[in-house]
Number of protein chains: 2
Amino acid sequence: MQVDGARLMQLFLQSGGTKERDIACEQRCNRDPGSSLTASAKSIFRLLAEGNPSTRPQLGEVLNLSRPTMSAAMGELEQLGLVAKIGEVQGLIGRKAAIYRPGPQAGHVIAIDAGSTHVRLRVSTIDRRLLHSRVYRLPASQLLLGEEISRAVADEVSATLAETDDGWGPLRMIGIAVPSRVVGPQGDQNATRQEEIFSRFEPPADVPVVLENNVNCAAVAERSNGAAKDAETFAYVQIGLKIGMGVMLGGRLLRGRNGAAGEIGHLAFPMADGSRPIPGEIERYMGTEAFMQRVLATWPDSADSQPADAADLMARAGEGCATALAHVTRHAEDIGAIVASCVSVLDPGLVVLGGGLGGSSLLLPTVSDVANRLSYPVEVRTSTLGQDATVLGIEKLTCEQTVDLLLGERRD
Amino acid sequence: MQVDGARLMQLFLQSGGTKERDIACEQRCNRDPGSSLTASAKSIFRLLAEGNPSTRPQLGEVLNLSRPTMSAAMGELEQLGLVAKIGEVQGLIGRKAAIYRPGPQAGHVIAIDAGSTHVRLRVSTIDRRLLHSRVYRLPASQLLLGEEISRAVADEVSATLAETDDGWGPLRMIGIAVPSRVVGPQGDQNATRQEEIFSRFEPPADVPVVLENNVNCAAVAERSNGAAKDAETFAYVQIGLKIGMGVMLGGRLLRGRNGAAGEIGHLAFPMADGSRPIPGEIERYMGTEAFMQRVLATWPDSADSQPADAADLMARAGEGCATALAHVTRHAEDIGAIVASCVSVLDPGLVVLGGGLGGSSLLLPTVSDVANRLSYPVEVRTSTLGQDATVLGIEKLTCEQTVDLLLGERRD
DNA sequence: ATTTTTTTGTTAACTTGCCTAACATAATAA
DNA sequence: TTATTATGTTAGGCAAGTTAACAAAAAAAT
């Protein structure tokens with residue numbers, strides 16, 4: 001079932017309309033129950049949605065709200081079921097304080113990493129308490145087959161819906177991380193395969209769907225759960241089979257006109273006096289496959305047997321094999337050069353390295369040295385998240401979108 | 001007179017403090033007279049500061065304010081002298097409407113382009129009505145001598161202050177565009193020469209100074225007066241003696257941690273299989289000097305005499321000289337490759353070319369073709385502003401900062 | 001010339017959303 | 001049992017907006 005352009009737009013833009021006819025009101029009011037809350041109630045809900053259950057005094061302190069205002073706001077929120085009291089805490093002295101977190105009517109989201117080897121799915125509340133999760137490994141023979149991924153997503157979502165618990169509240173949104181550019185209405189719609197995800201998967205009616213590029217999702221995860229927890233601005237550079245970057249500026253993803261911001265696989269390369277760049281060449285050159293070809297081409301017969309794959313090479317380098325280490329270091333220099341180019345454009349102050357190869361801490365010193373030598377001061381860190389990075393990122397983004405939706409404050 | 005670090009910080013941060021002691025209150029209240037205005041009055045002032053004199057109905061329409069609110073807000077603003085009635089307009093029917101613009105107490109700013117060949121100065125109201133302007137051409141022998149530029153700035157400012165008219169209202173701020181990185185407090189302070197501007201120039205006491213990189217200023221000007229009038233997001237790429245870029249994202253400049261965002265003179269280059277990049281090499285390679293060396297090295301004896309300089313080369317290319325055109329086109333290919341790298345990182349959708357060489361429309365087709373072939377869809381335009389771009393940009397930035405200051409809303 | 005219509009601007013009364021001050025409640029400490 | 005302290009509610013006030021009604025000033029209609 002192919003989802004056409006109009007339908008996809010609808011998925012993107014759902015819930016925006018305030019000028020719809022009255023007949024849709026009941027639906028809409030159920031979809032964004034908090035759109036008529038006071039500003040203070042909204043800010044309280046936003047804070048609780050971050051994931052820390054809090055007492056009224058704590059919330060009031062952070063948000064600079066008086067106790068009467070807290071009282072009124074919590075009244076509004078509790079009435080709608082958007083927050084719930086989950087316990088009490090006793091200080092050293094004085095009356096106990098009630099502890100709140102988002103309530104059942106805040107509902108839950110489904111976040112899906114629709115990767116080419118795995119489909120990972122997490123169901124969670126909007127304050128990111130995990131309710132359910134599944135992982136489906138795609139048969140290796142079907143790598144890169146968009147339709148098979150779509151079918152796997154459809155299956156996993158069906159299975160999830162069958163197990164839905166009443167206590168989870170309503171399903172508010174589905175977020176899907178895809179390994180392609182994600183383009184808004186005014187961008188270039190050609191040459192993106194974002195619709196393929198819907199070729200076999202039809203999302204439940206009335207549940208908005210958000211799509212995001214998988215590298216961007218990993219960047220979001222690094223910020224919310226990983227190596228960039230303290231940073232508002234940084235770049236996440238992924239080096240593996242392919243290369244890509246996710247850019248976070250002031251806590252917001254940089255997407256670009258065509259959803260192509262961070263597509264460093266298209267940096268001009270080769271780039272030197274007398275040479276002419278080839279489109280996408282740097283992605284091929286830096287990718288694991290070409291890298292291993294170069295490694296094997298010069299691997300000495302005298303030494304150990306040839307490394308089986310990139311992971312094997314990295315392992316041997318880590319064990320002290322000089323030949324392996326030389327190759328890894330050479331690759332790290334190339335990565336450092338790419339990082340330097342990104343720093344020259346963005347000057348993010350922090351770069352997090354991730355991906356199949358980039359995640360190795362062996363690369364770190366060389367990448368950092370080269371980048372800092374070529375460009376401007378930048379801290380380089382290695383990703384602390386494993387293969388869950390992408391699904392955690394799309395979960396975070398979906399929760400944020402859901403909060404915006406519930407509060408009637410569309411952000412982007 | 002060297003301005004030390006503490007003084008510079010003070011210059012940057014002036015007007016922020018709300019926790020100063022009461023003795024400073026009178027001064028402060030004179031400095032940000034509008035800090036106690038209602039939100040609606042502030043938004044009205046902001047709109048008028050954009051430069052379009054407007055009637056109350058027009059303002060109310062745009063800002064969604066009722067007539068009584070307009071009445072109250074205009075009352076506040078007129079009382080403070082922040083707006084003034086400058087006339088009336090008669091519609092087809094009905095009562096005349098008064099036309100307003102920022103009033104005398106809104107004051108004026110001095111904007112300075114402290115370039116290495118010229119010092120350009122504009123005095124204008126915060127709605128950018130030109131009050132006075134001067135240009136000083138530095139003696140060629142003193143190119144790049146920071147102290148001479150500083151002295152020229154000091155002289156021009158003195159001359160301006162001497163000519164100040166009472167009708168201009170108070171001097172609110174001085175903005176200076178400098179050809180170096182401009183670094184905030186948490187960035188890398190080394191290797192920027194931003195303080196040199198103060199070596200011979202001491203700004204009047206109590207007048208805040210804002211510094212900004214000159215390429216960033218040109219980008220701002222392209223947005224407010226030039227080729228990117230309709231764009232919120234674009235990159236301005238300057239190609240001349242040196243190369244640089246200014247990045248505008250959603251109407252805001254991207255500065256980076258160390259003020260080095262857009263410093264594409266540090267893109268990794270040469271970058272090819274087997275080569276290692278050299279810091280700053282692409283700036284040398286792309287700069288006019290190295291470019292002309294390559295041109296002259298292969299210039300055929302049989303043809304016309306060698307071109308005298310880059311401008312001469314461009315002129316001959318424009319007249320149809322095949323040799324010159326071939327060189328220009330080759331250079332345009334290199335520029336296209338650089339643009340492609342920037343597009344791969346930012347995907348801005350629009351790139352404006354400027355600078356001594358970049359401003360030539362001869363380059364446009366090739367740059368556009370190469371960039372679009374190597375990377376993602378991007379429109380390429382040629383700058384429409386001449387040498388005034390930088391001073392217009394710093395003027396715009398200074399006016400924006402002044403409005404923020406007057407309204408007590410520090411933005412960045 | 002007078003009345004009507006239309007737009008602009010003001011006045012009056014109300015609403016919202018926050019605040020402070022005072023009071024009520026529930027816990028520990030004395 | 002009383003004092004102290006933190007939490008939560010009630011009462012009353014204020015700032016900044018709203019709508020409704022009225023006043024003023026202009027062209028259009030009578």
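Chain letters run A, B, ... following the sequence lines, proteins first and then strands; every chain starts at 1.
- At distances below 3.5 Å, not a single donor-acceptor pair connects side-chain atoms of A:R172 with backbone N or O atoms of A:P208.
- Taking A:E212 as the reference, A:R255 meet the salt bridge (Lys or Arg N to Asp or Glu O under 4.0 Å) condition, with sequence neighbours excluded.
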task = Assess whether side chain to side chain donor-acceptor pair (under 3.5 Å) is satisfied between B:T125 and B:D127, documenting all intermediate values.
result = CA-CA 5 Å; B:T125 59; B:D127 54 338; 2.4 Å; yes
Could you list the donor-acceptor pairs under 3.5 angstrom formed between side-chain atoms of residues 72-89 of chain A and any protein atom two or more places apart in sequence or on another chain?
unit_1: A:E76; atom_1: OE1; unit_2: A:T38; atom_2: N; d: 3.2
unit_1: A:E76; atom_1: OE2; unit_2: A:T38; atom_2: OG1; d: 2.8
unit_1: A:K85; atom_1: NZ; unit_2: A:E88; atom_2: OE2; d: 3.2

Trace of the side-chain contact (heavy atoms from CB on, under 4.5 Å) decision for B:R101 with B:R129 = CA-CA 11 Å; B:R101 73 175 180 199; B:R129 280 151 32 226; 3.3 Å; yes
N/O-N/O pairs, protein side and nucleotides 1-7 of chain C side, under 3.5 Å:
unit_1: C:dT7; atom_1: O2; unit_2: B:R95; atom_2: N; d: 3.2

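- Sorted pairs that involve residues 61-73 of chain B and meet salt bridge (Lys or Arg N to Asp or Glu O under 4.0 Å), not counting sequence neighbours, are lacking altogether.
- DNA chain C is contacted by both A:K96 and B:Y100; B:Y100 maps to the nucleotide lying nearer its 5′ end (nearest heavy atom per residue).
- Evaluation of the salt bridge (Lys or Arg N to Asp or Glu O under 4.0 Å) test over residues 38-58 of chain A, restricted to residues two or more places apart or in two chains, returns A:K42-A:E409, A:R46-A:D404, A:R46-A:E409.
- In this view, A:D165 satisfies the salt bridge (Lys or Arg N to Asp or Glu O under 4.0 Å) rule with no residue, not counting sequence neighbours.
- The CD atom of B:Q90 sits 10 Å away from the C1' atom of C:dT8 (whole-angstrom rounding).
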Where do N or O atoms of nucleotides 18-22 of chain C meet protein N or O atoms at under 3.5 Å, pair by pair?
unit_1: C:dC18; atom_1: OP1; unit_2: A:S40; atom_2: N; d: 3.0
unit_1: C:dC18; atom_1: OP1; unit_2: A:S40; atom_2: OG; d: 3.3
unit_1: C:dC18; atom_1: OP2; unit_2: A:T38; atom_2: OG1; d: 3.4
unit_1: C:dC18; atom_1: OP2; unit_2: A:S40; atom_2: OG; d: 2.6
unit_1: C:dC19; atom_1: OP1; unit_2: A:N64; atom_2: O; d: 3.1
unit_1: C:dC19; atom_1: OP2; unit_2: A:S66; atom_2: N; d: 3.2
unit_1: C:dC19; atom_1: OP2; unit_2: A:S66; atom_2: OG; d: 2.8
unit_1: C:dC19; atom_1: OP2; unit_2: A:T69; atom_2: OG1; d: 2.3

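- Taking the 5' to 3' direction, DNA chain D first and last meets chain A under 4.0 angstrom from a heavy atom at D:dT5 to D:dT10.
- Legend: residues meeting side chain to side chain donor-acceptor pair (under 3.5 Å) with B:T233, ordered by chain and number and at least two apart, are absent.
- Of all non-hydrogen atoms in A:R128 and A:S224, the two that sit nearest each other are NH1-OG, 3.5 Å.
- Using a 4.0 Å cutoff on non-hydrogen atoms, no part of residues 42-50 of chain A comes near DNA chain D.
- Taking the side chain to side chain contact (heavy atoms under 4.5 Å, CB included) definition, one finds that B:L130 meets it with B:R122, B:S133, sequence neighbours left out.
- Contact annotation for B:A98: backbone-only contact, meaning every heavy-atom pair under 4.0 Å involves sugar-phosphate atoms and none involves a base.
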message = Quick one, B:N216 with B:V182, criterion side-chain contact (heavy atoms from CB on, under 4.5 Å). Give me CA distance, side-chain angles, the key distance, then yes/no.
response = CA-CA 10 Å; B:N216 283 352; B:V182 175; over 6 Å; no
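- Listed by first then second residue, pairs satisfying ring pair (Phe, Tyr, Trp, His ring centres under 6.0 Å) with a partner in residues 85-110 of chain B read B:H108-B:W168, not counting sequence neighbours.
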